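Before any comments, here is the structure.
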There are 2 protein chains.
Amino acid sequence: MLSRTSQYALRSVLFIAENSHARRKVGVGEVAKALDIPKYYLAKILRKLAVGGLIRSSKGPGGGYYLDSEDFEHALIAIIEIVDGPDSLKKCALGLNTCSSEHPCPIHFYIGPFRDSLLQSLSEITVGDALQQLKEENVFIANLLTADEKKKENGRPDERH
Amino acid sequence: MLSRTSQYALRSVLFIAENSHARRKVGVGEVAKALDIPKYYLAKILRKLAVGGLIRSSKGPGGGYYLDSEDFEHALIAIIEIVDGPDSLKKCALGLNTCSSEHPCPIHFYIGPFRDSLLQSLSEITVGDALQQLKEENVFIANLLTADEKKKENGRPDERH
DNA sequence: TTATTAAAGGACTGAGAAGTCTTTTTTTTG
DNA sequence: CAAAAAAAAGACTTCTCAGTCCTTTAATAA
C-alpha cells in the first residue's frame with residue numbers, strides 16, 4: 001500500500017512526537033533502535049522530513065530531532081508526500097496516465113470512491129490525532145518481538161544500530 | 001497501489017476477454033502492442049495467469065491466449081493474487097507484521113475500513129463485470145497517445161514489439 | 001579554544017522488480 | 001514429413017528502492 005520509506009517516516013514522526021519536545025530531542029540511533037529501522041537509511045528519511053518542515057532538527061551535543069507545537073497540526077498525508085512525492089497515492093489503479101472520470105479505466109468507478117475516502121482521511125488526520133491513538137492502551141508503533149527475538153535480545157545486547 | 005505487474009495483468013486479461021474466444025485467440029505480441037506493455041515481460045505474466053487457471057493458452061499456428069466462458073466469473077482479486085502473491089493487499093499500512101484489531105497501529109482504525117471495502121469490491125467484481133465497463137463509451141484500457149506519439153506512430157511503424 | 005556530539009551530505013552496495021533475448025517445445029498446415 | 005507459428009522456458013541485463021558506510025559541518029560544553 002505505502003512504500004516502506006513512508007511507513008518508516010510515519011512511524012518515526014509519531015515516535016519523535018511522543019518522545020521529544022524542544023528541550024528533549026531524540027537522535028536517529030534512538031528512533032532506529034526503538035522502531036527497528038536501519039539507522040543510516042532512517043537518517044536520510046529524517047533529513048527529508050526536516051527539510052520539508054515536518055520535523056525539526058538541531059546538531060551537536062544534546063541535538064537531535066523534535067517536534068514543535070505547530071508540527072502536530074500537519075496531516076499524515078504531508079509525510080507521505082514528502083518522502084514518496086506528491087500524487088503517489090493518486091495514480092490510476094491500472095497505471096494509466098490518461099485515466100480520469102471523463103476517460104476512465106474499467107475499474108475507475110469501482111475503486112475511485114475508496115481511494116478518495118482514504119485520501120480524504122489521510123488529509124484530515126493530523127500527527128496530533130495519530131499521537132492520541134498511540135497513547136491508547138495496546139496501540140503501538142513497533143513490532144512485537146517473537147519469543148525467539150526476546151531470547152536474543154537478552155543474551156546479546158543489540159549491536160545493529 | 002498495485003504493482004506494475006498486476007496492472008499489466010489486469011489490463012491484459014480484459015484485453016484478451018474482449019478480443020478472444022475459443023476460436024479466435026490473441027498472441028502476446030498483439031496484447032503487448034495494443035496495451036504498450038513490454039512483450040517478453042508480458043509473456044511471463046500471461047504464463048503465470050495461464051498456469052493459475054485464469055486464462056487459457058494454446059501453442060502453434062493459430063494459437064495464443066483466450067478466455068473460456070467460465071473464466072469470466074473469476075474475481076479481479078484472483079488476478080492480483082496470482083501475480084503478486086496472496087495477501088499482498090492485506091498488510092498493515094505501517095508495515096507492522098504484528099498489527100491487528102487487538103494490537104493495532106495508530107492508523108489501523110482509520111485505514112482499515114477502506115482497505116476492507118476495497119478488498120471486498122475486488123473480490124466481488126468479476127472479469128465479466130469489468131468487461132461490461134470496458135464496452136461502455138469512453139472507457140478504455142490503453143493510454144491515449146499524446147500528439148507527439150501519434151506523429152511517431154505514423155512516421156515510423158512501431159518496431160518495439 | 002579544543003574535544004565531543006550529533007546531524008548533514010555523499011558515495012557506494014545489495015536485493016528485488018522489471019525488462020530483454022535466445023533456445024526449446026508443441027501444434028498446425030501444406 | 002517438413003516448415004512455420006506460437007507459447008514455454010530459462011539465462012541474462014537493467015533499474016529502482018532500500019540499506020551501508022565514511023567524511024564534513026555545526027553546535028555544545030569543558
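What you are looking at is a predicted structure, and each value in this text was computed from that prediction instead of being measured.
B:F72 and B:L131 get closest at one heavy-atom pair: CE2-CD2, 3.4 Å. Nearest heavy-atom pair, A:P104 versus A:F109, reported as atom, atom and distance to 0.1 Å: CG-CE1, 3.5 Å.
Taking the nucleotide of DNA chain D with the nearest heavy atom to each of A:Y8 and A:G63, the more 5' of the two is matched to A:Y8. Across the interface with DNA chain D, nearest-nucleotide mapping of A:S3 and A:S58 shows A:S3 to be the residue nearer the 5′ end.
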Just the table, please: protein N/O against nucleotides 20-26 of chain D N/O, every pair under 3.5 Å.
{"from": "D:dT20", "atom 1": "O4", "to": "A:K44", "atom 2": "NZ", "distance (Å)": "3.3"}
{"from": "D:dT25", "atom 1": "O2", "to": "A:K59", "atom 2": "NZ", "distance (Å)": "3.2"}
{"from": "D:dA26", "atom 1": "O4'", "to": "A:K59", "atom 2": "NZ", "distance (Å)": "3.1"}

Go through it in stages, so that I can follow the logic: the residues are A:I37 and A:R11, the test is side chain to side chain contact (heavy atoms under 4.5 Å, CB included), and I'd like the CA-CA distance, side-chain angles, deciding distance and then a yes or no. CA-CA 10 Å; A:I37 298 173; A:R11 293 168 63 211; 4.2 Å; yes

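Within the nucleic acid shown, A:V51 has no heavy atom closer than 4.0 Å to any nucleic acid atom. B:R47 comes within 4.0 angstrom of a base, heavy atoms only.
Of the candidates D:dA7, C:dG19, C:dA8, the closest approach to any side-chain atom of A:Y65 belongs to C:dA8.
Residue B:R4 places at least one side-chain N or O under 4.0 Å from the OP1 or OP2 atom of C:dG19. Remark: B:T5 is in phosphate contact with C:dA18, judged by side-chain N or O atoms under 4.0 Å from OP1 or OP2. Under 4.0 angstrom from either OP1 or OP2 of D:dA6 there lies no side-chain N or O belonging to B:S57.
No hydrogens or angles considered: nothing links the side chains of A:S12 and A:Y65 as a donor-acceptor pair under 3.5 Å.
If you take CG of A:L2 and P of D:dA18, they are 11 Å apart, rounded to a whole angstrom. A:K25 places its NZ atom 11 Å from the P atom of D:dA27, with the value rounded to the nearest Å. Rounded to whole Å, atom P of D:dG19 lies 13 Å from atom CG of A:L35. Straight-line distance from the NZ atom of A:K48 to the P atom of C:dA7: 18 Å, rounded to whole Å. Atom CD1 in A:I45 sits about 13 Å away from atom P in D:dC17, given to the nearest Å. Between A:R24 atom CZ and C:dA6 atom C1' there is a gap of 14 Å when expressed in whole angstrom units. Rounded to whole angstrom, the span from the CD1 atom of B:I37 across to the P atom of C:dA17 amounts to 18 Å. The separation between A:I55 atom CD1 and C:dA6 atom P is 16 Å, rounded to whole Å.
A side chain to side chain donor-acceptor pair (under 3.5 Å) check over residues 13-31 of chain A, counting only residues at least two apart or in different chains, returns the pairs A:R24-A:E30, A:K25-A:S58.
Proximity of A:I79 to A:V127: side-chain heavy atoms (C-beta onward) are separated by under 4.5 Å at one or more points. Contact annotation: the side chain of A:L10 approaches that of A:L2 to within less than 4.5 Å [non-hydrogen atoms, C-beta and beyond].
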